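Shown next, in structure tokens, is the structure this report addresses.
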Amino acid sequence: PGVLNNFACFLGDRYRRLGSAEDLEKRIQLLKDALELFLPDHPLRANVLNNLAGAVRDRYNRSGSAEDLEEVIRVQTEVLKLCPASHPSRVGTLNNLANALGDRYRRSGSLIDIEEGIRLCTEALGLCPPGNPDRVGTLVNLANARGSRYEHSGSVDDLEENIRMSTEALELCSPDHPFRTGILSNLAGALNDRYGRTRSLEDLEAVIQLQTERLKLY
């Protein structure tokens with residue numbers, strides 16, 4: 001199983017460089033073969049499942065297949081069961097599952113998915129105190145989830161939490177951080193939504209400032 005997993009990882013590296021669908025399909029099959037050789041309580045099972053979820057997620061990003069998305073959710077749910085609160089992979093798994101549920105919400109509009117995504121991200125954030133390297137990504141995911149629920153329900157509380165968490169995430173990002181452009185966009189959108197409700201000149205000025213900075217990054 002370890003050899004199959006390592007081989008799959010090498011194919012994943014080549015896929016990210018060259019984008020070969022053949023490498024992606026072979027990677028998925030190798031990981032499934034590895035899982036068949038593991039006992040349910042094998043200590044490496046969670047790692048291989050995580051790799052499989054990532055590979056199927058890559059295929060979903062290419063194909064948009066609902067079947068692939070459902071498999072990602074199923075596999076990440078299994079990984080989460082293997083990662084107790086102290087497990088180093090729990091935060092990443094919580095975020096990955098929340099993101100997959102967010103994708104399904106955008107396809108189906110099911111509020112259950114976005115509610116579960118918020119719950120998962122909230123737990124993940126509780127495991128990421130200030131200074132934790134995963135805090136920025138978790139703040140971004142939770143802010144986006146609260147933003148999605150605001151679009152569905154119009155809740156002012158969701159809008160304010162989106163703004164608060166996006167602001168914190170932006171403060172934690174260096175100027176060249178890969179998440180910075182996305183955070184600028186999300187925060188500007190949320191402040192623009194609040195401006196539409198309150199007509200606050202301060203919010204409007206902040207939107208202009210954020211969009212100006214965002215434009216400089218392109």
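Numbering starts at 1 and runs along the sequence shown. It should be emphasised that the depicted structure is a prediction, and the values quoted were computed from it without experimental measurement.
Note on residues 148-170: no pairs pass ring pair (Phe, Tyr, Trp, His ring centres under 6.0 Å), not counting sequence neighbours. For residues 58-116, no pair satisfies ring pair (Phe, Tyr, Trp, His ring centres under 6.0 Å), with sequence neighbours left out.
Between Asp23 and Lys26 there is no salt bridge, since none of the side-chain N atoms of the basic residue sits less than 4.0 Å from a carboxylate O of the acidic one. Looking at Glu161 and Arg164, a side-chain N of the basic residue comes within less than 4.0 Å of a carboxylate O on the acidic one, giving a salt bridge.
For Arg214 (side chain) and Leu184 (main-chain N/O), no donor-acceptor pair under 3.5 Å exists by modelled atom type. Asn5 places no side-chain N or O within donor-acceptor distance of the main-chain N or O of Pro1, the cut-off being under 3.5 Å. Panel note: side chain Ser185, backbone Thr181; no donor-acceptor pair is recorded below 3.5 Å. Between the side chain of Asn192 and the backbone N or O of Ala188 there is no donor-acceptor pair closer than 3.5 Å. The closest donor-acceptor contact from the side chain of Arg107 to the backbone of Gly64 lies under 3.5 Å.
Cluster note: Leu4 groups with Phe7, Leu11, Leu30, Leu37 through ILVMFWY side-chain heavy atoms spaced under 4.5 Å, whether in direct contact or through intervening members.
Contacts of Leu18 classified as side-chain contact (heavy atoms from CB on, under 4.5 Å), with partners at least two apart in sequence or in another chain: Arg14. By the ring-ring contact (aromatic ring centres under 6.0 Å, His included) test, Phe38 is found to be paired with His42, residues two or more places apart in sequence or in another chain being considered. Residues forming a side chain to side chain donor-acceptor pair (under 3.5 Å) with Asp41 (at least two apart in sequence, or on another chain): none. Partners of Arg146 according to the side chain to side chain donor-acceptor pair (under 3.5 Å) rule, which considers only residues two or more places apart in sequence or in another chain, are Asp157, Asp158. In this structure Arg135 satisfies the side chain to side chain donor-acceptor pair (under 3.5 Å) test together with Glu168, sequence neighbours excluded. Checked against side-chain contact (heavy atoms from CB on, under 4.5 Å), Glu202 has the following partners two or more places apart in sequence or in another chain: Ser200. Ser174 meets the side-chain contact (heavy atoms from CB on, under 4.5 Å) test with Asp176, His177; sequence neighbours excluded. With sequence neighbours left out, Asn162 forms a side chain to side chain donor-acceptor pair (under 3.5 Å) with Ser166, Asn186.
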| request: Begin with the C-alpha distance, continue with both residues' side-chain angles, and end with the deciding distance and a verdict on salt bridge (charged side-chain N to carboxylate O under 4.0 Å, His left out) for Arg27 and Asp58. | output: CA-CA 11 Å; Arg27 175 185 169 202; Asp58 285 342; 2.9 Å; yes
| task | Starting from the C-alpha separation in whole Å, work towards a yes-or-no answer on side-chain contact (heavy atoms from CB on, under 4.5 Å) for Asn144 and Val140. | result | CA-CA 6 Å; Asn144 289 337; Val140 169; 3.6 Å; yes
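Atom CD of Glu22 is surrounded by 12 or fewer heavy atoms from other residues, nucleotides or ligands within 6.0 Å. When the shell of 6.0 Å around CD of Glu25 is examined, it contains more than 12 heavy atoms from other residues, nucleotides or ligands. The environment of CD1 in Ile112 is sparse: at most 12 heavy-atom neighbours from other residues, nucleotides or ligands sit within 6.0 Å.
Arg62 is not listed as a side-chain neighbour of Asp68, based on a closest heavy-atom distance of 4.5 Å or more. Using a 4.5 Å heavy-atom cutoff, the side chains of Val136 and Cys173 are in contact. Under the 4.5 Å side-chain criterion, counting only non-hydrogen atoms from C-beta, Asn132 is not in contact with Val91. Put simply, the side chain of Arg149 reaches to within 4.5 Å of the side chain of Leu111, judged on heavy atoms.
Cluster annotation: Leu170 is connected to Ile163 through the hydrophobic network of ILVMFWY side chains, with a link wherever side-chain heavy atoms come within less than 4.5 Å. Linking Ile, Leu, Val, Met, Phe, Trp and Tyr whenever their side-chain heavy atoms come within less than 4.5 Å leaves Leu69 and Val56 in two separate clusters. Note: the hydrophobic cluster containing Ile118 also contains Leu159 (ILVMFWY, side chain heavy atoms under 4.5 Å, direct or indirect links). Note on Tyr15: it does not cluster hydrophobically with Phe10, by side-chain heavy-atom contacts below 4.5 Å among ILVMFWY residues. Cluster annotation: Leu210 and Met165 are assigned to the same hydrophobic cluster (Ile/Leu/Val/Met/Phe/Trp/Tyr, side-chain heavy-atom contacts under 4.5 Å, transitive).
Remark: Leu101 CG to Ser148 OG distance equals 12.0 Å, nearest 0.5 Å. Taking CD1 from Ile208 and CD from Glu213, the interatomic distance works out to 14.5 Å, rounded to the nearest 0.5 Å. Atom CG of Leu125 sits about 5.0 Å away from atom CG of Leu139, to the nearest 0.5 Å. From Asn141, atom CG reaches atom CG of Asn99 across 4.0 Å, with rounding to the nearest 0.5 Å. Taken from CZ in Arg57 to CG in Leu52, the straight-line distance is 13.5 Å, to the nearest 0.5 Å. With rounding to the nearest 0.5 angstrom, the CG atom of Asn51 is 12.0 Å from the CD1 atom of Ile28.
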Show which side-chain atoms of residues 74-81 pair as donor or acceptor with protein atoms under 3.5 Å away, not counting sequence neighbours.
from: Thr77; atom 1: OG1; to: Ile73; atom 2: O; distance (Å): 2.7
from: Glu78; atom 1: OE2; to: Arg45; atom 2: NE; distance (Å): 3.2
from: Glu78; atom 1: OE2; to: Arg45; atom 2: NH2; distance (Å): 3.1

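Closest approach of Ala98 and Leu120 over heavy atoms only: N-CD1, 3.9 Å.
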